[in-house]
Amino acid sequence: MGSLTEAVVLFGAGGFVGRNLVEAFAGRVPLLYGVTASGNPLPGTTRTFAFAGIAEIPPLPAETVVAAAAARRHDARRFAREQSAILAHNSEIATRIYQFCAARGIGEVRLASSSAVYPAEWDVLDDERPLDLAAPPHKGEAGYAWSKRWAEIVADLHRRLYGINTLAFRLTNPYGPWDSLDPAAAHVAPAFAMKALRPGPLFEIAGDPEAERDFIYAADVARVFALSLDRRGEHDSCNLARGETSTVRQLAEAAIAAAGTAKTIAVAAGPDRGVRMRRATARKLRRLFDLPPFLGLEDGMRATVAWYRDALAR
């Protein structure tokens with residue numbers, strides 16, 4: 001299997017999406033520099049640097065690509081009340097990543113954006129429709145959404161100023177290995193995987209069990225990033241989505257089946273998160289990349305539950 005590119009600088013290499021990207025890139029990129037908050041060594045990378053010390057990264061080959069997956073770590077317990085902090089932190093990260101690219105003459109970026117950038121009023125998150133920045137995103141995640149909008153704005157600005165090309169992938173609801181091991185802090189799918197593995201006859205869902213999301217397995221996300229590394233001169237954004245939704249109840253059923261446990265789903269009153277249905281198109285992604293079908297929810301949850309069973313045992 002040939003190299004994907006000469007070198008990758010992966011910002012956010014220690015996070016949920018980042019660790020999945022490391023697994024996809026390792027052994028296929030001759031020089032893989034990881035950037036994390038701490039700079040502690042990370043298996044799979046050539047070397048790891050602290051975000052505060054990126055000036056120490058050695059001179060890079062001409063065909064270097066920056067993969068930008070760094071963000072304030074998701075914590076479901078504090079997400080709603082920390083929107084201002086998330087906005088400030090993520091916006092600063094995006095700006096500094098593009099400053100790094102401009103200073104080093106790096107012309108290619110692969111950006112982990114989010115489907116949260118879309119206006120709240122859109123019934124379908126359509127990446128072939130111009131993004132209306134005058135239309136507000138969902139109120140409950142507005143700080144996060146605007147930080148992702150800002151990253152795409154910064155990408156466009158650096159395209160005009162420095163000729164830096166960005167492929168921005170608007171992730172829907174990625175799930176899989178390397179999320180938090182604390183169910184209260186994790187995204188919903190990994191939290192359900194851990195809940196399914198716990199003893200007890202009940203599986204409680206807080207909130208609307210019929211809410212719909214486009215869940216995409218993290219290894220499929222990483223595969224798209226990997227496929228994009230050898231492309232040059234393209235500046236675009238697209239949804240990184242399966243293009244189909246599942247309900248929260250279906251997610252719970254898939255988690256219970258994957259865990260092989262006998263549980264009864266019980267619905268408890270929960271906070272109104274304000275988004276009943278979030279559907280995203282995937283036509284543009286399929287035009288840009290020759291992709292096999294993405295992993296279905298049942299298979300993806302089987303892999304997720306297996307990873308968490310092993311990780312929790314360790």
Side-chain angles (χ1 to χ4, degrees), residues 15-21 23-24 67 69 74 110-119 122-129 131 137-138 141 144-145 148 152 167-179 186-193 196 205 208-228 236-258 273 275-308:
F16 163 46
V17 172
R19 291 295 291 268
N20 283 279
L21 293 181
E23 289 194 345
H74 175 84
R110 305 296 176 258
L111 176 66
S113 186
S114 170
S115 60
V117 300
Y118 290 105
W122 286 21
D123 293 331
V124 178
L125 312 183
D126 187 350
D127 50 13
E128 296 175 298
R129 179 180 174 187
L131 184 62
H138 283 284
E141 58 185 15
Y144 173 74
K148 293 301 184 179
E152 292 193 23
L167 287 176
F169 296 111
R170 295 170 179 167
L171 279 61
T172 50
N173 286 75
Y175 69 97
W178 302 113
D179 206 321
H187 292 88
V188 62
F192 276 17
I205 297 176
D208 184 0
E210 306 311 319
E212 294 183 32
R213 298 290 184 271
D214 188 316
F215 296 104
I216 183 167
Y217 189 58
D220 286 328
V221 169
R223 179 152 48 94
V224 172
F225 272 79
L227 285 171
S228 77
D236 209 344
S237 58
C238 69
N239 294 333
L240 213 175
R242 290 177 61 222
E244 57 185 272
T245 61
S246 302
T247 66
V248 172
R249 185 186 298 276
Q250 288 171 326
L251 178 68
E253 290 168 348
I256 294 167
R273 302 194 183 279
V275 188
R276 177 70 189 273
M277 183 181 301
R278 183 163 274 170
R279 291 177 174 167
T281 62
R283 295 184 301 271
K284 190 174 182 181
L285 180 72
R286 295 286 175 181
R287 282 204 308 273
L288 288 173
F289 297 95
D290 182 18
L291 294 166
F294 287 148
L295 209 61
L297 185 65
E298 291 76 15
D299 290 334
M301 284 306 290
R302 272 195 290 272
T304 301
V305 167
W307 187 88
Y308 274 94

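The model shown is predicted, which means the values in this text are computed figures rather than measured ones. In what follows, residues are counted from 1 in the order of the sequence shown.
Atom OG of Ser246 is separated from atom CG of Leu297 by 4.5 Å, given to the nearest 0.5 angstrom. How far CG of Leu21 is from CZ of Phe16: 10.0 Å, rounded to the nearest 0.5 Å. Interatomic distance, CZ of Phe225 versus CG of Asp220, reported as 13.0 Å (0.5 Å rounding). With rounding to the nearest 0.5 Å, the separation of CG in Leu167 from OG in Ser113 is 12.0 Å. To the nearest 0.5 Å, atoms CD1 (Ile216) and CG (Leu240) are separated by 5.0 Å. To the nearest 0.5 Å, atoms CD (Glu212) and CD (Gln250) are separated by 7.5 Å.
Judged purely by distance below 3.5 Å, without hydrogens or angles, the side chains of Thr172 and Arg278 never pair a donor atom with an acceptor atom.
Side-chain contact between Asn20 and Pro177: present, with at least one pair of heavy atoms (C-beta onward) separated by less than 4.5 Å. Contact of the Arg213 side chain with the Val188 side chain is not registered, since no non-hydrogen atoms from C-beta on lie closer than 4.5 Å. At a threshold of 4.5 Å between non-hydrogen side-chain atoms, the residues Leu291 and Leu227 count as touching. Using a 4.5 Å cut-off on side-chain heavy atoms (C-beta onward), Val117 and Leu131 make contact. Within the 4.5 Å cutoff, no side-chain heavy atoms of Lys148 are placed close to those of Arg170. No side-chain heavy atom of Val248 sits under 4.5 Å from any side-chain heavy atom of Asp208. Within the 4.5 Å cutoff, side-chain heavy atoms of Met301 are placed close to those of Leu251. Counting only heavy atoms from C-beta outward, the side chains of Asp126 and Tyr118 never approach each other to under 4.5 Å.
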*Check the pair Ile205 / Phe192 against side chain to side chain contact (heavy atoms under 4.5 Å, CB included), numbers first and verdict last.*
CA-CA 9 Å; Ile205 297 176; Phe192 276 17; 4.2 Å; yes
*When you look at Val224 and Leu285, which way does the side chain to side chain contact (heavy atoms under 4.5 Å, CB included) test go after all the steps?*
CA-CA 9 Å; Val224 172; Leu285 180 72; 4.0 Å; yes
_Pair His187, Asn173 - check side chain to side chain contact (heavy atoms under 4.5 Å, CB included), show working._
CA-CA 9 Å; His187 292 88; Asn173 286 75; over 6 Å; no
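Closest approach of Ala280 and Ala241 over heavy atoms only: CB-CB, 4.1 Å. Of all non-hydrogen atoms in Ala24 and Ala222, the two that sit nearest each other are CB-CB, 3.7 Å. Across every non-hydrogen atom of Pro137 and Ala116, the tightest pair is CB-O, 3.8 Å. Residues Ser237 and Lys284 come closest through the heavy atom pair O-NZ, 2.8 Å. For the residue pair Ala191 and Ala186, the shortest heavy atom distance occurs at N-CB, 4.1 Å. The minimum heavy-atom distance linking Thr304 with Ala193 is given by the pair CG2-CB, 4.0 Å.
Checking side-chain atoms of Tyr308 against main-chain N and O of Asp179 turns up a donor-acceptor pair under 3.5 Å. With Glu141 contributing its side chain and His138 its backbone, the two residues share no donor-acceptor pair below 3.5 Å. The backbone N or O of Glu244 lies less than 3.5 Å from a partner atom in the side chain of Asp214, making a donor-acceptor pair.
Ring pair Phe215/Tyr175 is perpendicular by interplanar angle, where above 60° counts as perpendicular and below 30° as parallel.
Taking the centre and axis of the six-membered ring of Phe169, the NZ or CZ atom of Arg223 falls outside the cone set by 45° and 6.0 Å.
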